[in-house]
Amino acid sequence: MLDLKFVRENPETVRQAMQKKGEEADLAGLLTSDRERRDLLKEVEELKQLRNRVSREIGKAGADSEYAREKKLEMKEVSARIKDYDEKLRDIDLQIEQLLLNLPNLPDPVVPHGYDEEDNVEIRAWGEKPEFTFTPLAHWDIGDNLDIIDVPRAGKITGSRFALYYGAGARLERALFNFMLDLHTNEHGYREVFPPFLVNAASMTGTGQLPKFAEDAFKVENTDLYLIPTAEVPVTNLHRDEILEGDQLPLYYAAYSACFRAEAGAHGRDTRGLIRQHQFNKVELVKFVKPEDSMDELEKLTRDAEKVLQLLGLPYRVMLMCSGDLGFAPAKKYDLEVWLPAAGTYREISSCSNFTDFQARRAGIRYRPGEGQKAQFVHTLNGSGVAVGRTVAAILENNQQEDGSVVIPEVLRPYFNGIDKIYRGVVPRKGNSGK
RNA sequence: GGAGAGAUGGCUGAGUCUGGCUGAAGGCGCUCGCCUGGAAAGCGAGUAGACGGGGCAAAACCUCGUCUCGUGGGUUCAAAUCCCACUCUCUCCGCCA
């Protein structure tokens, strides 16, 4: 959310930002309502001042005094008018709130102008794309051949865009999020959080999923609760409506969670495999920082996410999102894209964003820079560290061997009792060397 | 699910029965000052937020006003205080992984 005062004083800046991002919102309506609100406010406050003053005087003069009898009728009238104004004001406040919640964040000046993913800028790339002496299979075929991923039965149990894992596949999923959490908590200084997977509407509004993107979320019937689309939502809302002390910052959190997305509007896209599921696992990194540090913190956060892919030996590139692909809430965003050899493309596996004070203002997350100083909004950041399902896909595809087996990345082997390969029928239990 | 208790500032805690300069006593904490070689103790002063108007080029800040005692409504000239609904927390019982 943008500051209403800022919007009032810089409408042209806001208009340009919307245009750059390709977002639509009723800016003119907002400015009109704001003007109307301030006019109303002035009138009603004058009436309230009058009523307050007279009420005090009635109290002093005594409720049965001549003065009281005379003024009571008059004030009854005033109260009725106040009530009338207050109702109008409440309507317009609500209107302003909604309009404001639908204004996108301002893009950072360094964000390149562009319209879609074609205009994103590659910042750096890492790793060697594997060379195959055979035609590499897609991960869904590998998973099927190894009997570790079962899509048909997940479809029977639940529906499309779900998968279930067996044996080494399930172990791989679990090994990955354990590895990621271990890395970020042990090496990168994040505090582990295990959050609720259901959140209320206020939390969804705080991070920006609501009201604009309601159709992307699963809502639990007969409740106010939503399945989280990312751990970003519960973790960022940890400090909703709080004032943090300046010396507490920066705060780093790492959270594993399942993520649930309706994928409305993605019909027919990525229908096969693990790339686009209604439910997937992810380790999310969330930071609360001082405004002046947030751009540096975004760089560090991105590096922390990259480290996961580096240790897993997965080739990837870092893309700076152009204005048109930036999205609603971020001011600046990097995507990490992992190499998927079967399709011969890079696919997004992590998204690292600086939201500046956009979420903080929505969620009321502030900090006190120093003793006696006025509280101001923190900057929030988050990034996937990283999406687990897509990592499984990337490992299966990049590490596949001609005999159909898949080499387990070195750093994951401790989670596999030392087994170094997944092949059909392998059981990663203790004492099984995998030979 | 049944029964009961509660929600007040950064924290703690009065005020609610008996409505009226109470945005709210006291304590703790914090800030500044005095004291001290320095510190503790002691003493003095200060210490909520949001919104709108005015001062200011603007921020900080100053000033005036309005709102806020879980949330929303009602009664009243006037509500932390009375009435209703809801939310949340705690205790006991039941059920349950």
Side-chain angles (χ1 to χ4, degrees), chain A residues 1-13 30-101 194 196-206 220 222-226 234 237-249 290-292 357 360-378:
Chain A
M1 187 161 65
L2 301 178
D3 181 18
L4 180 57
K5 263 187 225 150
F6 177 86
V7 177
R8 182 150 71 219
E9 285 159 18
N10 306 277
E12 190 51 27
T13 310
L30 175 61
L31 293 171
T32 310
S33 294
D34 175 52
R35 181 70 259 168
E36 200 181 329
R37 171 176 173 270
R38 282 181 295 150
D39 292 342
L40 275 170
L41 205 52
K42 198 175 167 192
E43 295 190 48
V44 73
E45 284 188 358
E46 276 167 14
L47 287 177
K48 283 180 178 175
Q49 183 179 4
L50 172 70
R51 183 180 68 181
N52 287 348
R53 202 183 62 235
V54 173
S55 289
R56 261 194 306 269
E57 277 161 14
I58 289 176
K60 265 188 272 181
D64 297 324
S65 64
E66 184 68 27
Y67 179 84
R69 273 200 299 280
E70 190 181 307
K71 288 288 181 183
K72 273 186 185 180
L73 275 170
E74 197 183 322
M75 288 305 109
K76 199 180 179 73
E77 189 73 19
V78 169
S79 276
R81 283 175 64 199
I82 288 174
K83 194 175 169 182
D84 205 49
Y85 274 117
D86 272 343
E87 272 166 25
K88 279 190 201 142
L89 211 46
R90 202 188 49 216
D91 288 347
I92 206 160
D93 276 344
L94 234 71
Q95 211 176 79
I96 289 171
E97 171 91 359
Q98 285 308 306
L99 290 169
L100 215 45
L101 286 174
F194 189 77
F197 293 180
L198 289 169
V199 295
N200 55 34
S203 293
M204 290 287 273
T205 305
V220 181
N222 299 326
T223 70
D224 175 43
L225 302 178
Y226 296 79
N237 280 282
L238 265 181
H239 296 298
R240 171 150 51 86
D241 295 323
E242 289 184 14
I243 298 175
L244 304 164
E245 290 306 325
D247 56 17
Q248 285 180 265
L249 299 178
K290 294 179 184 173
E292 62 269 27
D357 61 2
R361 184 170 287 110
R362 286 173 164 250
I365 310 167
R366 292 175 293 173
Y367 80 106
R368 209 174 290 286
E371 290 298 342
Q373 287 191 274
K374 216 178 150 178
Q376 55 177 284
F377 292 110
V378 301

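Sequence lines set the chain letters: A, B, ... in the order given, protein chains first and strands last, and positions in each chain run from 1.
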task: Evaluate the criterion side-chain contact (heavy atoms from CB on, under 4.5 Å) for residue pair A:Ile365 and A:Glu242; output intermediate values, then yes/no.
output: CA-CA 5 Å; A:Ile365 310 167; A:Glu242 289 184 14; 5.7 Å; no

- request: I would like to know whether A:Arg8 and A:Arg38 meet side-chain contact (heavy atoms from CB on, under 4.5 Å); could you show each step before the answer?
  value: CA-CA 12 Å; A:Arg8 182 150 71 219; A:Arg38 282 181 295 150; 3.2 Å; yes

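Pair check for B:rG38 finds none; no Watson-Crick or G-U wobble contact set falls under 3.5 Å. For B:rC17, there is no paired base (Watson-Crick or G-U wobble, both distances below 3.5 Å). Pair check for B:rC96 finds none; no Watson-Crick or G-U wobble contact set falls under 3.5 Å. Both distances falling under 3.5 Å, in either a Watson-Crick or a G-U wobble arrangement, occur for no nucleotide opposite B:rA59. With both pairing distances under 3.5 Å, B:rG65 is matched to B:rC51 as a Watson-Crick or G-U wobble pair. Applying the Watson-Crick and G-U wobble criteria (two distances, each under 3.5 Å), B:rU87 pairs with B:rA7.
In this structure, A:Arg90 reaches the sugar-phosphate backbone alone: every heavy-atom distance under 4.0 Å involves primed, P, OP1 or OP2 atoms, never a base. Heavy atoms of A:Lys71 sit nowhere under 4.0 angstrom from any nucleic acid atom. Within 4.0 Å (heavy atoms only), A:Arg53 reaches no atom of the nucleic acid at all.
Comparing B:rU76, B:rC21, B:rA50 against the side chain of A:Arg56 picks out B:rC21 as the nearest. Of the candidate nucleotides B:rG74, B:rC67, B:rG20, B:rC67 has the atom nearest to the side chain of A:Arg51.
Distance check, rounded to the nearest 0.5 Å: CG of A:Leu41 to CD of A:Glu46 gives 10.5 Å. In this structure, A:Glu97 CD and A:Arg362 CZ are separated by 9.0 Å, a value rounded to the nearest 0.5 Å.
Separating the P atom of B:rC82 from that of B:rA5 is a span of 15 Å, rounded to the nearest Å.
Salt bridge status for A:Lys71 with A:Glu74: present, with a side-chain N to carboxylate O gap under 4.0 Å.
Between the side chains of A:Ser55 and A:Asn52, no donor-acceptor pair of N or O atoms lies under 3.5 Å.
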Atom pairs, protein N/O to nucleotides 51-54 of chain B N/O, distance under 3.5 Å:
| unit_1 | atom_1 | unit_2 | atom_2 | d |
| --- | --- | --- | --- | --- |
| B:rC51 | O2' | A:Arg37 | NH2 | 2.7 |
| B:rG52 | OP1 | A:Arg8 | NH1 | 3.4 |
| B:rG52 | OP1 | A:Arg8 | NH2 | 3.2 |
| B:rG53 | OP1 | A:Arg38 | NH1 | 3.1 |

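Place A:Leu50 and A:Arg366 on RNA chain B by their nearest nucleotides, and A:Arg366 ends up nearer the 5' end.
Checking the phosphate oxygens (OP1, OP2) of B:rU66, a side-chain nitrogen or oxygen of A:Asn52 falls inside 4.0 Å.
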